[in-house]
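Structure first, commentary second.
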Amino acid sequence: MRKNEEINDLTLLGNQKTTYPNQYTPELLEAFENKHPDNDYFVKFNCPEFTSLCPITGQPDFATIYISYIPHIKMVESKSLKLYLFSFRNHGDFHEDCVNIIMKDLIWLMAPKYIEVLGKFTPRGGIAIEPYCNYGKKGTAWEKVAFERLSQYGVDKF
């Protein structure tokens with residue numbers, strides 16, 4: 001694919017008529033080619049205004065979502081990620097489900113070498129919940145890294 005064709009495939013970037021979804025919409029996610037697939041490097045996104053709904057009470061839950069990944073062939077386009085995360089606003093799911101859904105949708109989109117998602121939810125009822133999930137591409141060194149980081153979660157600060 002030539003550079004201009006790839007840019008033309010991105011429908012949200014630069015679009016002045018942005019429509020904000022009112023329900024969970026994973027189809028919003030768009031990807032583009034990683035120009036450095038032989039380099040291992042992290043890409044990190046912080047979304048400090050993430051909201052979802054409690055599936056039981058319907059009350060809003062607020063969080064900062066941290067997404068870090070090591071791309072392989074594809075990378076997520078940031079505006080599509082922003083709109084995708086916004087689509088959780090009226091979505092009812094537990095905190096743990098939200099971070100796992102986000103991770104799985106991004107794995108489906110990009111097939112990264114490694115990815116981790118952390119949700120730092122604000123306290124409700126006096127308890128803050130911080131679910132963390134990760135994934136390392138099967139059969140690679142990143143699979144072992146994922147296990148090691150998960151097994152150390154909460155022991156060290158990362």
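In this chain, numbering begins with 1 at the start of the sequence shown.
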Problem set entry | Those residues that, when tested against Lys120, pass side chain to side chain contact (heavy atoms under 4.5 Å, CB included) (two or more places apart) |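 Lys120: side chain to side chain contact (heavy atoms under 4.5 Å, CB included) contacts with Tyr66, Leu118, Glu130.
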Minimal non-hydrogen separation, [X] against [Y], with atom names:
X      : Y      : answer
Pro112 : Ile107 : CD-CA, 3.8 Å
Leu83  : Pro21  : O-CG, 3.6 Å
Pro131 : Val99  : CB-CG2, 3.7 Å
Ile115 : Met103 : CG2-CG, 3.8 Å

Backbone N/O of [Y] and side chain of [X]: donor-acceptor pair under 3.5 Å:
X      : Y      : answer
Ser80  : Glu77  : yes
Glu143 : Gly139 : yes
Lys113 : Pro37  : yes

Quick one: pull up [atom1] in [X] and [atom2] in [Y] and give me the separation to the nearest 0.5 Å.
X      : Y      : atom1 : atom2 : answer
Tyr84  : Ile102 : OH    : CD1   : 5.0 Å
Tyr135 : Lys138 : OH    : NZ    : 6.0 Å
Thr25  : Leu85  : OG1   : CG    : 11.5 Å
Asn134 : Leu150 : CG    : CG    : 5.0 Å
Ser52  : Asp97  : OG    : CG    : 9.5 Å
Lys82  : Phe86  : NZ    : CZ    : 9.5 Å

Exercise. Given Val43 and Ile70, is the side-chain contact (heavy atoms from CB on, under 4.5 Å) satisfied, shown in steps?
Worked result: CA-CA 6 Å; Val43 177; Ile70 298 173; over 6 Å; no
Problem set entry | Near-ring test Phe88/Phe50, centroid separation under 6.0 angstrom |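 Ring centroids of Phe50 and Phe88 are less than 6.0 Å from each other.
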Problem set entry | Asn34-Tyr41 side chain donor-acceptor pair, cut-off 3.5 Å |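 Yes, a side-chain donor-acceptor pair sits under 3.5 Å.
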For this session: Answer yes if the side chains of Tyr69 and Glu116 hold a donor-acceptor pair under 3.5 Å, and no otherwise.
Result: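 No - no donor-acceptor pair under 3.5 Å links their side chains.
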Heavy atoms of other groups near [X] [atom1], more than 12 under 6.0 Å:
X      : atom1 : value
Phe147 : CZ    : no
Arg124 : CZ    : yes
Glu96  : CD    : yes

Exercise. Val76 versus Phe45: any side-chain heavy-atom pair under 4.5 Å?
Worked result: yes
Treating Ile, Leu, Val, Met, Phe, Trp and Tyr as nodes and any side-chain heavy-atom pair under 4.5 angstrom as an edge, say whether [X] and [Y] lie in one connected cluster.
X      : Y      : result
Tyr153 : Phe42  : yes
Ile129 : Val117 : no
Met75  : Trp108 : yes

For this session: Can you spot which of Arg149, Lys137, His72 makes a side chain to side chain contact (heavy atoms under 4.5 Å, CB included) with Tyr114?
Result: Arg149
Problem set entry | Option passing side chain to side chain contact (heavy atoms under 4.5 Å, CB included) with His91 (candidates Thr51, Asn22, Ile101) |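 That would be Ile101; it is the only one of Thr51, Asn22, Ile101 passing the side chain to side chain contact (heavy atoms under 4.5 Å, CB included) with His91.
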Exercise. With under 30° as parallel and over 60° as perpendicular, where do the rings of His95 and Phe121 fit, or are they tilted in between?
Worked result: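 Because their plane-to-plane angle is under 30°, the rings of His95 and Phe121 count as parallel.
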Exercise. Going through the checks in order, is the side-chain contact (heavy atoms from CB on, under 4.5 Å) test met by Ile67 and Leu106?
Worked result: CA-CA 10 Å; Ile67 300 167; Leu106 290 171; 3.8 Å; yes
For this session: For Tyr24, check side chain to side chain donor-acceptor pair (under 3.5 Å) against everything at least two apart and list the hits.
Result: Asp105
